[in-house]
Amino acid sequence: MTVTTRRPGTRADMLRADGTAVRVLVVDDEASLAELLSMALRYEGWQVRSAGDGAAALRAVREFRPDAVLLDVMLPDADGRSLLGSIRRESPDVPVLFLTAKDAVEDRIAGLTAGGDDYVTKPFSLEEVVARLRGLIRRSGAAQARSESLLTVGDLTLDEDSHEVTRGGESIHLTATEFELLRYLMRNPRRVLSKAQILDRVWSYDFGGQANVVELYISYLRRKIDVGRAPMIHTRRGAGYLIKPGE
């Protein structure tokens, strides 16, 4: 499969009506491919769940309530086109993008006739899959585009144009470096970022033995963002830091 990468810092620009991230279900019995697709979709800031067979896919549709389904035509316990009917009974309006190794015209027509909304044939690029899903989700009305300048994680918002930051509607003043660090975290919600990644992105060069500058600025942010509220900035010991909605 052709794999193309995206520039680090890509941010989600689609949200559900309730302000939460778009949900996508990946159904493919090839574990490595399912994981690769899931990683690419999470990089968009979307919530992702995967299933390796038809039975697991139906359970996920009931429990996860996805906004779109990425469905492999060939599964170990079901034909994807037949499974689509069961998915539609659970979630009549969810858009479905077929993944297929078959490139014959009749196979494509069969997939669309069965009720699929679109298809991509293997090999494909990850960017093509993301673009197709984005189009399907927008047309379905399941998500809305948000301001290109506005980053939102839970009740925390950051406007990249005005440099205004608020949490729960309360304005928060940040220094220029604190702002850049918070912006990088918020462009990658729920993703663990290492000290090396943060140094490279926020300070643009390696501090060598002074990597504790990251710890210092994380502590500054916590005092301004988290004190007296549900914590949003978290440490993963030995791995790095991440930001996610307060619980």
Side-chain angles (χ1 to χ4, degrees), residues 1-15 20-24 26 31-50 125-127 129-130 133 146 148-160 163 165-167 172-227 229-247:
M1 184 182 71
T2 303
V3 177
T4 54
T5 58
R6 298 177 65 85
R7 181 176 63 83
T10 299
R11 66 183 182 273
D13 60 0
M14 296 177 67
L15 294 171
T20 59
V22 165
R23 299 179 182 180
V24 179
V26 176
S32 59
L33 177 56
E35 180 58 24
L36 189 61
L37 288 164
S38 297
M39 287 176 61
L41 300 180
R42 290 191 184 101
Y43 205 57
E44 295 297 311
W46 299 347
Q47 294 185 54
V48 183
R49 186 173 294 187
S50 61
S125 73
L126 296 177
E127 288 189 343
V129 173
V130 170
L133 282 172
R146 72 183 184 192
E148 286 295 318
S149 69
L150 194 66
L151 302 178
T152 303
V153 178
D155 61 350
L156 180 67
T157 62
L158 179 151
D159 193 314
E160 295 185 293
H163 279 218
V165 177
T166 63
R167 182 165 184 192
I172 298 172
H173 175 73
L174 300 179
T175 66
T177 301
E178 291 167 350
F179 181 87
E180 286 301 320
L181 174 55
L182 182 61
R183 170 156 59 180
Y184 185 44
L185 291 171
M186 292 182 68
R187 281 182 170 180
N188 297 274
R190 299 181 183 274
R191 179 184 173 201
V192 177
L193 301 170
S194 70
K195 288 181 183 179
Q197 287 175 307
I198 294 172
L199 281 172
D200 181 66
R201 175 61 181 82
V202 178
W203 281 270
S204 300
Y205 61 91
D206 190 351
F207 268 71
Q210 300 183 38
N212 61 347
V213 69
V214 176
E215 297 176 17
L216 182 63
Y217 272 85
I218 286 289
S219 71
Y220 292 161
L221 276 185
R222 281 178 167 147
R223 291 174 195 167
K224 296 183 177 183
I225 301 297
D226 286 346
V227 170
R229 307 179 177 97
M232 295 184 70
I233 301 172
H234 301 269
T235 302
R236 291 292 181 264
R237 192 170 300 278
Y241 304 94
L242 78 155
I243 193 167
K244 63 180 181 177
E247 299 175 351

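Just so you know, these numbers use all the heavy atoms, side chains as well, and skip hydrogens, waters and symmetry mates.
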Taking side chain as C-beta onward, heavy atoms only, is Leu185 less than 4.5 Å from Leu221?
-> yes

Output all residues satisfying side-chain hydrogen bond (donor to acceptor under 3.5 Å, both in side chains) with Thr177, sequence neighbours left out; order by chain, then residue number.
-> none

Any side-chain heavy atom of Met232 within less than 4.5 Å of one from Asp155?
-> yes

Would you say the side chain of Leu133 lies within less than 4.5 Å of the side chain of Trp46, judging by non-hydrogen atoms?
-> yes

State whether the side chain of Lys195 and the backbone N or O of Asn212 hold a donor-acceptor pair below 3.5 Å, judged by distance alone.
-> no

Closest heavy-atom pair, Met186 versus Leu158, reported as atoms and distance to 0.1 Å, is SD-CB, 3.8 Å

What's the verdict on side-chain contact (heavy atoms from CB on, under 4.5 Å) for Val24 and Leu37, showing C-alpha distance, side-chain angles and the deciding distance?
-> CA-CA 10 Å; Val24 179; Leu37 288 164; over 6 Å; no

Spatial distance of atom CD1 (Ile225) from atom CZ (Arg167) [nearest 0.5 Å] = 7.5 Å

Tell me, do Tyr220 and Leu174 make a side-chain contact under 4.5 Å, heavy atoms counted?
-> no

Of all the heavy-atom pairs spanning Arg190 and Pro245, show the shortest one and how long it is.
-> NH2-CD, 3.6 Å

So CZ of Arg187 and CG of Leu151: to nearest 0.5 Å the spacing works out to 6.5 Å

Out of curiosity, Phe179 CZ to Glu160 CD, how far, rounded to the nearest 0.5 Å?
-> 6.5 Å

When rounded to the nearest 0.5 angstrom, what is the spacing between CZ in Arg229 and CZ in Arg222?
-> 15.0 Å

Which heavy-atom pair separates Arg191 from Tyr43 by the least distance, and what is that distance?
-> NH1-CE1, 3.0 Å

Between Ile198 and Tyr241, what is the shortest heavy-atom contact and its length?
-> CD1-CD1, 4.0 Å

Can you tell me how far CD1 of Ile233 sits from CD1 of Ile218, rounded to the nearest 0.5 angstrom?
-> 5.5 Å

Taking C-beta and beyond as the side chain, do Arg49 and Ser38 meet within less than 4.5 Å on heavy atoms?
-> no

Any idea which heavy atoms bring Val153 and Pro189 closest together, and the distance?
-> CG2-CB, 4.1 Å

Let me know which of Lys224, Arg183, Arg223 forms a side-chain hydrogen bond (donor to acceptor under 3.5 Å, both in side chains) with Glu178.
-> Lys224

Search all heavy atoms of Val48 against all heavy atoms of Arg42 and return the closest pair with its distance.
-> O-NH2, 3.6 Å

Heavy-atom check, side chain of Val213 versus side chain of Leu199, under 4.5 Å | yes

Any side-chain heavy atom of Lys244 within less than 4.5 Å of one from His234?
-> yes

Report yes if some heavy atom in the side chain of Leu182 is under 4.5 Å from a heavy atom in the side chain of Leu156; otherwise report no.
-> yes

Distance, nearest 0.5 Å, that separates CG of Leu150 from OG1 of Thr157 = 5.5 Å

